[in-house]
Asks: 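Supplied in structure tokens, the structure appears directly below.
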Protein chains: 2
Amino acid sequence: MTLPPDDLPSPTAAARRIGDWVAGLQRSDVPEPTAAVALDCIVDTLGVALAGTREAATRLAADDARESYAVGPSRLLIGGRLCAEGAAFANVAAAHVLDFDDNSYAGFVHGSAVVVPTALAMVEAAGGTGGDLLTAVVAGAEAQYALAEAVGNGIYHAGWWTTALFGTVGAAAASAKALGLDGRTAADAIAFALCGTGGLRACFGTGAKPLLAAQAAANGVQAARLAARGLTVPHGVVEDPRGFARLIAADHFDPTALDALGRRWRLLAPGIDTKLYPVCLSAHAAIDAVRDLMAEGGLTSRDIRAIDCRVPPVVAANLTYHRPMTAGEARFSLPFAVACAMLHGTLALEHLDEAALADPVLRQAMTCVSMTVDPWWNADPDRARTAPEGAEVSIETMEGERFVRFCASARGTVARPLSAAEHAAKFRTCAARAVGLDEAERLHRKLRQLEAESDLSRLFDFTHHAGCS
Amino acid sequence: MTLPPDDLPSPTAAARRIGDWVAGLQRSDVPEPTAAVALDCIVDTLGVALAGTREAATRLAADDARESYAVGPSRLLIGGRLCAEGAAFANVAAAHVLDFDDNSYAGFVHGSAVVVPTALAMVEAAGGTGGDLLTAVVAGAEAQYALAEAVGNGIYHAGWWTTALFGTVGAAAASAKALGLDGRTAADAIAFALCGTGGLRACFGTGAKPLLAAQAAANGVQAARLAARGLTVPHGVVEDPRGFARLIAADHFDPTALDALGRRWRLLAPGIDTKLYPVCLSAHAAIDAVRDLMAEGGLTSRDIRAIDCRVPPVVAANLTYHRPMTAGEARFSLPFAVACAMLHGTLALEHLDEAALADPVLRQAMTCVSMTVDPWWNADPDRARTAPEGAEVSIETMEGERFVRFCASARGTVARPLSAAEHAAKFRTCAARAVGLDEAERLHRKLRQLEAESDLSRLFDFTHHAGCS
């Protein structure tokens with residue numbers, strides 16, 4: 001007779017262990033360095049989300065949310081208020097639409113894009129404070145990163161889109177924290193999220209990518225709400241022979257990764273990579289190498305005949321568009337990224353306008369860029385660890401000179417973190433697109449003092465504001 | 001340079017082929033035998049859904065839907081009206097909560113539980129007719145079954161819960177039909193549904209199972225609505241190396257299964273198994289064998305010492321509860337099913353009450369039942385085809401006599417279909433639990449004449465009704 005899967009003692013089940021940890025987490029348990037990174041994540045994510053409110057996919061998500069979801073207490077950054085699930089849906093789309101939000105190598109996940117707006121919507125609905133928001137973000141982030149680390153990054157390379165897969169879990173955990181669920185009930189929420197989660201990288205380069213993250217967030221909120229209402233779910237859904245580890249991760253599952261919850265903070269190690277450029281992180285090292293080589297060699301774009309980028313397989317698998325026609329495609333294009341760096345000395349949001357994309361000078365520059373995939377990139381374990389999305393860039397000048405630069409980690413990654421001033425500048429540039437520079441600066445000051453906020457519902461009350469109302 | 005996945009010519013992509021077929025389907029294209037099966041599915045599913053409105057998991061789903069979703073034109077069978085997404089969520093939970101809804105071996109899918117309530121909610125919202133509902137149900141059902149057949153039933157055996165996986169696609173297809181989307185846009189809806197779909201069988205035996213089906217339906221509705229608003233999605237998401245066939249089905253994907261869309265109707269072949277008993281289909285053959293042996297041998301429960309059931313591995317994998325403590329667990333318990341048949345001569349909804357489950361006579365009878373898994377069951381291809389969830393039942397009497405019966409297919413399956421009278425009796429029994437016998441009979445007459453209905457919004461207007469309002 002087959003034994004019931006529930007025979008797995010539930011305190012040892014991954015979903016239960018995570019649920020217990022989430023339920024027990026207090027703000028005072030979070031060490032200051034971890035809290036500081038979480039605050040950076042909140043500020044950076046809300047900045048890029050405000051910039052993202054100007055995008056068509058965000059309007060589409062918000063229009064759909066307003067028609068489908070009930071009116072409620074949680075603010076849409078693009079304007080209006082809905083129930084937390086609807087606000088999470090619309091705001092996560094805004095946070096991820098520009099692909100300018102942060103990443104973590106714990107799971108190869110855009111960790112904050114799903115968790116931060118979901119936590120904000122849920123804490124707003126619960127009438128919580130800035131401190132509650134920070135705690136919910138830490139709970140959601142650490143829960144998703146720990147589970148992702150237990151499964152390993154192989155699933156991303158296999159083709160799963162881990163942001164949607166684990167984002168649902170992070171959203172459920174953050175929501176469970178915001179709702180104040182106990183450990184068993186939080187585990188029910190996490191288990192339900194795991195039972196239904198999915199996500200294919202086949203959606204990259206299109207508006208489906210942010211909307212899939214948005215749907216993952218809404219499903220995570222729903223999981224927590226259903227658990228809060230009394231839904232019970234087998235806690236052994238990760239370990240079950242018909243469960244998450246077997247079906248998604250080919251049985252790669254290391255439960256000891258969960259032992260580190262609350263002891264090693266994934267927000268610190270492996271840490272969070274903040275983007276300086278609004279395109280796929282896989283293009284960043286090449287952009288930096290081109291910028292540095294041109295600065296050091298005193299080169300202008302007119303001096304350059306050709307640029308070749310030697311990259312690891314994962315970079316080539318992400319950057320699939322060699323002649324991008326839309327901004328969505330351009331975010332996953334190495335020739336676009338390198339041509340921008342060559343022509344403009346950087347890559348900023350304004351370079352992703354359709355008019356900029358059609359510029360014949362840019363199109364011509366893109367033809368000078370080639371990408372060589374190095375299948376042996378990761379043969380050296382040190383390189384696999386230190387340069388998982390690195391690039392070796394070789395510039396050939398009109399004069400026949402050759403300049404070569406290896407960039408292991410781009411600016412903004414954990415190895416080369418942004419300064420506080422760079423963080424602030426990125427926020428201001430992003431937020432100003434939606435609310436103007438003065439409001440952006442005012443909001444930045446408020447967000448940097450998040451834990452002084454007792455009423456999150458007024459955080460985005462602007463005097464002059466095109467978007468939020 | 002890696003070529004962009006969109007280089008797959010989109011007219012040949014599975015999502016596009018299904019989308020084109022769904023968009024082109026007219027009521028007049030559906031042959032009468034297919035329409036008759038679809039009508040049976042609609043009537044049977046709405047009957048079990050009405051019975052399901054009395055269950056706690058349905059109340060939980062409806063309460064959550066009322067809080068999260070906008071008020072709208074689509075009726076909740078349990079009462080009230082919401083937007084189509086909210087109504088689909090609540091009504092799919094009702095349709096699947098009793099595990100009394102139909103199955104198909106095209107995908108090993110509870111096909112109608114997701115598609116029928118979703119189509120109803122969407123056609124109501126669109127102001128459509130009974131004929132529109134039938135067409136949307138056929139579109140959703142055939143789309144999900146064709147795709148499931150292309151992938152094969154191995155994924156169910158691996159542990160995927162195909163009802164949630166393909167239900168999202170069926171819901172998206174039915175919704176696309178109800179919205180009147182063109183082929184390209186319907187393909188966007190199907191592709192978005194595929195990008196985010198998931199479902200683990202680890203949820204079996206709990207309230208999470210119907211709620212996962214409900215979430216799949218809501219996600220499918222959302223996919224169609226986002227596509228209608230202009231979201232475009234790569235149509236090659238099934239074939240993409242980071243796509244559905246590779247990640248879910250280990251590259252088992254036979255695109256010729258899609259050639260048969262509109263030529264071979266899966267509603268006819270392999271057809272739809274209607275349940276006569278409100279438990280997992282895996283238990284049905286054993287119930288029938290016990291009923292038949294007892295009737296033929298003139299046995300009462302007092303005559304029986306022991307019952308052993310030899311079953312294929314899939315039956316053992318589904319029926320994991322040997323001493324069920326809840327109705328949810330009892331639906332996945334062979335000892336429960338066989339003990340009921342032995343004591344009551346059948347297994348009906350009232351045997352799943354918690355009081356009935358606790359009856360010491362039943363608990364004692366369950367100890368007489370054993371299950372022997374036959375790992376070689378499918379070695380004979382004929383048996384694999386004709387008796388995938390069959391049972392060989394051996395009854396030993398107190399007198400030491402032995403009666404043996406092999407049951408390949410249970411009553412209600414395609415091989416042994418229910419009569420019209422049995423279908424009607426099942427509907428009346430189910431619906432009467434929610435609306436009383438008179439209203440159940442009136443509703444049955446209306447549903448059997450579905451295509452005469454011009455206003456679906458009044459279909460469930462009852463004069464006396466505890467649930468619907």
Side-chain angles (χ1 to χ4, degrees), chain A residues 1-5 56-57 60 63-64 67-71 83 85-86 158-160 164 191-192 194-203 205-208 211-212 215-216 219 222 225-226 229-234 236-237 240-244 246-247 316-317 320-322 329 370-371 373, chain B residues 1-5 56-57 60 63-64 67-71 83 85-86 158-160 164 191-192 194-203 205-208 211-212 215-216 219 222 225-226 229-234 236-237 240-244 246-247 316-317 320-322 329 370-371 373:
Chain A
M1 179 84 76
T2 310
L3 285 176
L60 196 155
D63 289 346
D64 199 69
E67 197 168 315
S68 303
Y69 290 107
V71 171
C83 70
E85 191 173 326
W160 289 103
F192 188 77
L194 280 162
C195 274
T197 193
L200 311 177
R201 275 173 52 208
C203 66
T206 72
L211 289 178
L212 207 60
Q215 193 175 67
N219 288 346
Q222 194 169 53
R225 290 165 45 92
L226 293 172
R229 288 183 183 280
L231 177 68
T232 61
V233 187
V237 295
D240 192 289
R242 308 156 303 173
F244 188 82
R246 170 78 51 89
L247 292 174
T320 51
Y321 294 96
H322 48 279
E329 292 177 357
S370 60
M371 174 162 73
V373 183
Chain B
M1 179 86 77
T2 311
L3 286 176
L60 197 154
D63 288 346
D64 199 69
E67 198 168 315
S68 304
Y69 290 108
V71 170
C83 70
E85 193 173 326
W160 289 103
F192 188 77
L194 280 162
C195 274
T197 193
L200 310 177
R201 276 173 51 208
C203 66
T206 72
L211 289 179
L212 207 59
Q215 194 175 65
N219 288 347
Q222 194 169 52
R225 290 166 42 93
L226 293 173
R229 287 184 184 280
L231 176 69
T232 61
V233 187
V237 295
D240 192 288
R242 308 157 303 174
F244 187 83
R246 170 77 53 87
L247 292 174
T320 51
Y321 294 96
H322 48 279
E329 294 177 357
S370 61
M371 173 161 74
V373 184

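Order of the sequence lines sets the chain letters (A, B, ...), proteins ahead of strands, with each chain counted from 1. Excluded from the calculations below are hydrogen atoms, water molecules and symmetry mates; all remaining heavy atoms, backbone and side chain alike, are included.
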Asks: I'd like to check A:Asp240 versus B:Leu200 (side-chain heavy atoms, cut-off strictly below 4.5 Å). Are they in contact?
Replies: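 Sidechains of B:Leu200 and A:Asp240: no contact.
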Asks: With chain A as the partner, which of B:Ala70, B:Gly198, B:Ala56 has the greatest number of non-hydrogen pairs under 4.5 Å?
Replies: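 Looking at each of B:Ala70, B:Gly198, B:Ala56 in turn, B:Ala70 comes out on top.
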Asks: If you tally heavy-atom pairs under 4.5 Å against chain B, which of A:Arg229, A:Arg201, A:Arg246, A:Gln222 wins?
Replies: A:Arg229
Asks: State, to 0.1 Å, how close B:Ala216 and B:Ala164 come at their nearest heavy-atom pair, and which atoms those are.
Replies: CB-O, 3.6 Å
Asks: Between A:Ala57 and chain B, which part of the residue has a heavy atom less than 4.5 Å away: side chain, backbone, both or neither?
Replies: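 Nothing of A:Ala57, per the 4.5 Å heavy-atom cut-off to chain B.
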Asks: If you count heavy-atom pairs under 4.5 Å with chain B, which of A:Gly243, A:Cys203, A:Cys195 comes out on top?
Replies: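 Option with the greatest count: A:Cys195.
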Asks: Is chain A contacted by the side chain of B:Ser68, its backbone, both, or neither, given a heavy-atom distance below 4.5 Å?
Replies: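 For B:Ser68, the contact with chain A is made by backbone and side chain together.
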Asks: Output the distance between atom CG (B:Leu194) and atom CG (B:Leu247), rounded to the nearest 0.5 Å.
Replies: 12.0 Å
Asks: Between A:Leu231 and B:Asp64, is any pair of side-chain heavy atoms under 4.5 Å apart?
Replies: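 Answer no - side chains too far apart.
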Asks: At a heavy-atom distance under 4.5 Å, which candidate from A:Gly196, A:Gly199, A:Cys83, A:Ala191 has the highest pair count against chain B?
Replies: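 Of the options given, most contacts go to A:Gly196.
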